[in-house]
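Structure record follows, encoded as structure tokens.
Please read all numbers here as calculations on a predicted model, not as lab measurements.
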Amino acid sequence: MFKFKTILAALVGAMALVAPATAAEPGGPLVPKQSWTFAGPFGTYDENQLQRGFQVYREVCASCHGMRLIAFRNLSEPGGPRFSEAQVRALAAEYQIVDPAAEGGVRPGVPADRFPTPFANEQEARDANGGAYPPDFSVIAKARGIYEPFPNWAFNYFTGYSEGGPDYIHALLMGYREPPEGIELQPGQYYNDYFPGHLISMAPPLQDGLVTYEGEGVPETLDQYATDLSAFLMWTAEPHLVARKEAGFRVITFLILFAGLLYFVKNKLWANVKHRNPSPDDVERDARA
Amino acid sequence: MSSHESNYSPTGPVERWVDERLPLVRFAKEHLMDFPTPKNLNYWWTFGAILAIMLVVQIVTGIVLAMHYTPHIDLAFDSVEHIRRDVNGGRIIQATHAVGASMFFVALYIHIFRGLYFGSYKAPREILWMLGVIIFILVMAIAFMGYVLPWGQMSFWGATVITNIFSAVPVAGEPLLQLLRGGFAVDNPTLNRFFSLHYLLPFVVAAVVVLHIWALHVPGNNNPIGVDVKSSRDTVPFHPYYTMKDLFAIVVFFIPFAWFVFFAPDILGHPDNYIQANAQITPAHIVPEWYLLPFYTILRAIDFNVLFIDSRLGGVIAMAGSLVILFFLPWLDRSRVRSGTFRPMFKIFYWLFVVNFLVLTYLGAQPAEGIYVLLAKISTAYYFAYFLIILPLLSRIETPRPLPASISESVLGKAH
Ligand code: HEM
């Protein structure tokens with residue numbers, strides 16, 4: 001009865017009981033899951049998508065949302081959007097960095113600098129946004145999640161689902177609509193299906209055709225912008241995701257092979273040792289025999 | 001230390017010289033290699049070794065993290081991000097430590113429930129069991145304080161809610177609370193003392209583990225049929241038989257561990273902890289880490305006053321009691337039969353207890369409203385009834401099934 005299979009089952013059961021990671025409250029429609037290139041054990045970022053996402057961020061969101069933990073140089077690092085080093089140097093130089101050591105207190109940015117924040121502090125940010133605070137984007141994709149009803153979330157432990165953040169951000173950007181009957185919006189408030197409490201103080205930042213993508217073939221739609229931007233935010237939150245998953249594949253392959261090997265060695269070793277435990281029925285039968 | 005003889009014979013004059021002065025090699029051979037171990041242990045007995053390895057994993061990864069971590073409220077959050085982003089291998093080291101805490105508790109709970117089923121807490125292993133309970137409480141404290149260190153929203157609010165529990169203690173409550181927090185509210189002094197203790201206590205645990213294994217090696221292991229070892233035919237030397245089996249189990253345990261570390265490192269945590277702590281904004285739900293949830297449910301289940309004890313103090317008493325009661329377990333269960341396999345009635349109540357414990361865990365993550373409030377009371381009642389009523393009663397009324405005469409006889413049995 002107490003066998004290996006039972007142990008596995010117990011492990012699985014214990015895992016499944018771990019409280020579901022819920023961030024968004026139930027009460028609105030469920031956030032639809034997207035298919036991301038970076039999902040699953042073999043997931044990788046799509047460099048072009050990250051570059052487009054960065055473009056949307058820079059042209060639309062950056063006036064309100066900072067990314068204080070991201071350095072310009074990160075944009076050219078492996079596993080990221082892979083802008084060229086020359087592009088990054090040119091980009092950084094467009095920004096003015098506060099530096100008490102520089103003449104006049106500011107100087108043009110270099111790749112090692114981090115993105116300057118749009119507001120000097122939280123108070124200034126709130127003052128500019130009618131009291132609401134546009135959160136920093138450095139780790140926002142991991143600071144949000146989605147609500148899933150039982151038993152759906154239990155499967156996440158087996159699929160390794162970790163894309164609740166980008167799924168939520170994508171849904172949020174697409175989720176603006178007219179408020180239902182009876183809901184009064186204050187000035188500066190908007191109704192959003194997916195925002196907790198539904199009343200958000202950010203005007204819909206995106207709309208079809210707002211950003212012009214270079215080259216052909218990528219639709220300039222709200223959905224596409226939201227997808228690219230969400231992917232980009234996943235990268236800012238998890239810049240080493242690709243390397244981590246690649247290492248994981250090697251580690252788990254090794255562990256499985258090694259476990260198999262050990263299993264045979266162990267069995268060989270134990271082959272001559274009788275160690276099976278009888279059930280109470282066996283004991284009774286033996287006693288009678 | 002224990003009664004069995006070691007067959008260590010020093011080879012050469014140097015080894016003999018050392019052996020006569022500090023018999024370290026003799027000791028190691030006696031306890032890590034020759035130690036006679038029942039040959040019928042199943043895989044539930046590998047979790048002690050798994051825990052020992054996990055303790056090492058946590059200490060090693062933790063020491064590396066501490067090299068890069070800054071225990072200051074303005075810097076802690078960013079310093080953890082710095083580890084994830086800029087330290088070589090930092091994302092994996094940090095994930096191993098964070099996921100490792102959860103895996104530690106998975107192993108800890110399995111290890112404890114193994115003991116509960118097979119009666120490993122009974123004579124002559126009471127002290128071994130009680131040392132285990134001390135370890136359990138210490139590890140919960142360590143994990144709780146560790147969760148505060150990244151200084152996210154759940155860190156801060158978890159720390160606020162949990163430390164606040166102590167204020168319910170009569171008379172000493174307020175001073176105790178201030179001592180824990182280093183002030184009136186959770187703030188920089190709290191973070192500093194938690195970091196200090198989070199670094200210290202694992203080594204205390206390591207010391208208690210040494211006592212735990214010492215206390216194990218006096219009577220030797222219990223086993224799945226719960227019948228004492230009668231002769232050397234019942235045992236095999238620990239090495240290579242159990243070193244090999246434990247190693248296999250450890251590697252298998254590492255597979256789900258690695259799965260989470262590499263493919264879903266944040267799935268066991270809460271997204272709110274990626275938001276830097278903010279004393280002005282309370283998260284919608286404050287949930288402790290999953291491994292504390294059963295006890296959190298017991299704490300919240302007491303929402304009524306009993307005589308002069310108000311509900312807050314009542315909750316604290318119930319929660320503390322749910323742990324303290326474990327110390328008395330060896331004297332509450334008086335049944336002479338150790339292994340649950342041979343106790344037909346015990347088995348039913350045991351599995352109910354397991355399910356009930358899972359329900360307690362589940363309820364801890366739910367809001368205290370509606371049907372959950374009632375369920376929490378019922379499952380809390382069963383938790384205590386199991387120890388205080390069912391086990392004492394069963395030892396009087398239950399007729400156990402016949403036990404095998406000995407381990408080797410049982411494993412040689414003809415019926416299979
Ligand atoms: C850091 C945590 C711990 C470590 C490293 C540890 C280690 C061990 C080891 C190596 C063994 C022998 C192998 C085995 O039976 O699995 C053992 C046995 C035992 N442990 Fe633990 N342990 C820990 C925590 C606990 C806790 C929390 C409890 C109970 C509350 C506990 C209760 C026991 C008992 C009763 C035994 C004897 C089991 C038997 O022989 O049937 N241990 N422990």
Portion of [X] that has a non-hydrogen atom of chain B nearer than 4.5 angstrom:
| X | result |
| --- | --- |
| Pro280(A) | both |
| Ile252(A) | side chain |
| Thr253(A) | neither |
| Ile256(A) | both |
| Ala287(A) | neither |
| Glu238(A) | side chain |

Once you measure the plane-to-plane angle for [X] and [Y], does it fall in the parallel (<30°), tilted (30-60°) or perpendicular (>60°) bin?
| X | Y | answer |
| --- | --- | --- |
| Tyr362(B) | Phe150(A) | perpendicular |
| Phe254(A) | Phe258(A) | parallel |
| Phe248(B) | Tyr43(B) | perpendicular |

Per ring pair (Phe, Tyr, Trp, His ring centres under 6.0 Å), Trp45(B) is matched among Tyr242(B), Phe238(B), Tyr241(B), Phe118(B) by Phe118(B)
The ring pair (Phe, Tyr, Trp, His ring centres under 6.0 Å) partner of Tyr291(B) among Phe105(B), Tyr296(B), Phe104(B) is Phe105(B)
Inset, instruction - Could you tell me whether the side chain of Ser138(A) and the main chain of Arg68(A) form a donor-acceptor pair under 3.5 Å? - result: yes
Highest number of heavy-atom pairs under 4.5 Å with chain A among Ile275(B), Leu403(B), Val354(B) belongs to Ile275(B)
Looking only at Met244(B), Arg84(B), Gln153(B), His82(B), most heavy-atom pairs under 4.5 Å shared with chain A are made by Met244(B)
Portion of [X] that has a non-hydrogen atom of chain A nearer than 4.5 angstrom:
| X | result |
| --- | --- |
| Leu363(B) | neither |
| Glu289(B) | neither |
| Leu41(B) | neither |
| Arg91(B) | side chain |
| Phe77(B) | side chain |
| Val261(B) | backbone |

Is the number of heavy atoms from other residues, nucleotides or ligands under 6.0 Å of Asn121(A) CG greater than 12? yes
Hits for ring pair (Phe, Tyr, Trp, His ring centres under 6.0 Å) against Phe257(B), two or more places apart or cross-chain, chain-then-number order -> Phe254(B)
Sequence neighbours excluded, the answer for salt bridge (Lys or Arg N to Asp or Glu O under 4.0 Å) partners of Arg343(B) is Asp333(B), Glu398(B)
